[in-house]
Amino acid sequence: MMVANPKLGKLLKQQRVACDLTLQELSDVSGVSPSHLGRIENGQRFPSAHILHRIAGPMGFDEDELFVL
């Protein structure tokens, strides 16, 4: 079981806000529920590689960039 990473969640939230996306808008384009995205941003969940892949583009990250973080 992977441990949640609050630093990653904080970074993802900062980037989402910088891209002027709401949780609902990111959910709409990524197919990841807003509640799951919120738990990731709050450090309660660790995103899988599949989730990172789905949210990277809409938030302006290169696909590999999130995996390094």
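Side chains included, hydrogens not; waters and symmetry mates left out as well; all remaining heavy atoms used. Here, residue 1 is the first one in the sequence, and each next residue gets the next number.
Heavy atoms only, all atoms of each residue included: I55 and P58 are closest at O-CD, 3.4 Å.
With a 4.5 Å cut-off on side-chain heavy atoms, L52 and F61 do not count as touching.
Here the straight-line distance linking atom CG of L8 with atom CD1 of I40 works out to 8.0 Å at 0.5 Å rounding. Note: Q14 CD to L11 CG = 6.5 Å, rounded to the nearest 0.5 Å.
Remark: R39 engages no residue in a side-chain hydrogen bond (donor to acceptor under 3.5 Å, both in side chains) (not counting sequence neighbours).
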Taking only distance into account, with no hydrogens and no angle test, what donor-acceptor pairs under 3.5 Å do side-chain atoms of residues 23-32 form with protein atoms, sequence neighbours excluded?
from : atom 1 : to  : atom 2 : distance (Å)
Q24  : NE2    : D28 : OD1    : 2.8
E25  : OE1    : T22 : N      : 2.9
S27  : OG     : V32 : O      : 2.7
S30  : OG     : L26 : O      : 2.7
S30  : OG     : V32 : N      : 3.2

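Just one of K7, K10, R16 meets the salt bridge (Lys or Arg N to Asp or Glu O under 4.0 Å) condition when paired with E41; it is R16.
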